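These notes are about the structure you will find just below.
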Amino acid sequence: MKSEPDECCIDDIKDSTDQCIPWQGIRNYQARNYIRDNIQVGEQVFFYHSSCKEPGIVGIVEVVSDASADVSAFDNTSPYFDAKSSPEKPRWYSIDLKFGRKFPKVIRLKQLKADPALAEMVLVAKGARLSVQPVTVQEWQHISKLAGE
DNA sequence: GCCAACGTTGGC
DNA sequence: GCCAACGTTGGC
């Protein structure tokens, strides 16, 4: 899962109440489908910082809730407001994320791109903009090793 | 700030 | 349903 650290960095999750935050603001259908239909409670997720000085994977968070209606879409003062989403018929969903751990150092996008073992990873594909992306078991294990785990 | 690569919107 | 115009993402 990607986030702009200016918006929400991994330390924001770590420092929040119960080290847990509602992950709101997904406004892309494909990303929504992932969190609504594929992600399971208890799953671990790589947390990626984008649009920043050092883009890369910074750590791991855990999914601690099923997807439910993203209430920020109902709030007309929110930047994520969407008049076409309603409590009766929500268009967007959110999940709760809990801080897992931070890697000793950022695994930079540059490093991921240069790694032959990760050539097929969605994240390094050209034009991959999705904020929620699948990771294979092999990729997960490989990156965990890079992180020194 | 540039721009490539997507995604979305809306007229037809 | 097509597709041009526009908006967004995100690395560089």
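This structure is a prediction, so every number in the text was calculated from the model and none was measured. Order of the sequence lines fixes the chain letters, A, B, ..., with proteins taken first and strands second; residue numbering starts at 1 for each chain.
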Looking only at side-chain N and O atoms, does A/K126 come under 4.0 Å of OP1 or OP2 in C/dG10? no
Write down the distance between CD1 (A/I26) and P (C/dT9), rounded to a whole number of angstrom. 12 Å
Rounded interatomic separation in angstrom, taking CG from A/N28 and C1' from B/dA5: 13 Å
To the nearest Å, give me how far apart NZ (A/K53) and C1' (C/dC12) are. 15 Å
When rounded to whole Å, the CH2 to P distance for the pair A/W92 and B/dG7 reads 12 Å
In chain order, what residues pass the ring-ring contact (aromatic ring centres under 6.0 Å, His included) check against A/F81, with sequence neighbours excluded? none
Are any non-hydrogen side-chain atoms of A/Q40 and A/V63 less than 4.5 angstrom apart? no
Do A/R27 and A/S85 meet the criterion of a side-chain donor-acceptor pair at a distance under 3.5 Å? no
Minimum-distance nucleotide (side-chain atoms of A/L109 versus B/dC6, B/dT8, C/dC12): C/dC12
Let me know the distance between CD of A/E4 and P of C/dG11, rounded to the nearest Å. 9 Å
Kindly say if A/Y48 contacts the phosphate of C/dG11, meaning a side-chain N or O under 4.0 Å from OP1 or OP2. yes
Protein-nucleotide distance (A/Q30, atom CD; C/dT9, atom P), rounded to Å: 15 Å
I'd like to know whether NZ of A/K102 has more than 12 heavy-atom contacts from other residues, nucleotides or ligands below 6.0 angstrom. no
For C/dG10 and A/K2 - does any side-chain N or O of the residue sit under 4.0 Å from the phosphate oxygens OP1/OP2? yes
For atom NZ of A/K113 and atom P of C/dG10, their distance in whole Å: 12 Å
Could you tell me the separation between the OH atom of A/Y34 and the C1' atom of B/dG7, rounded to a whole number of Å? 15 Å
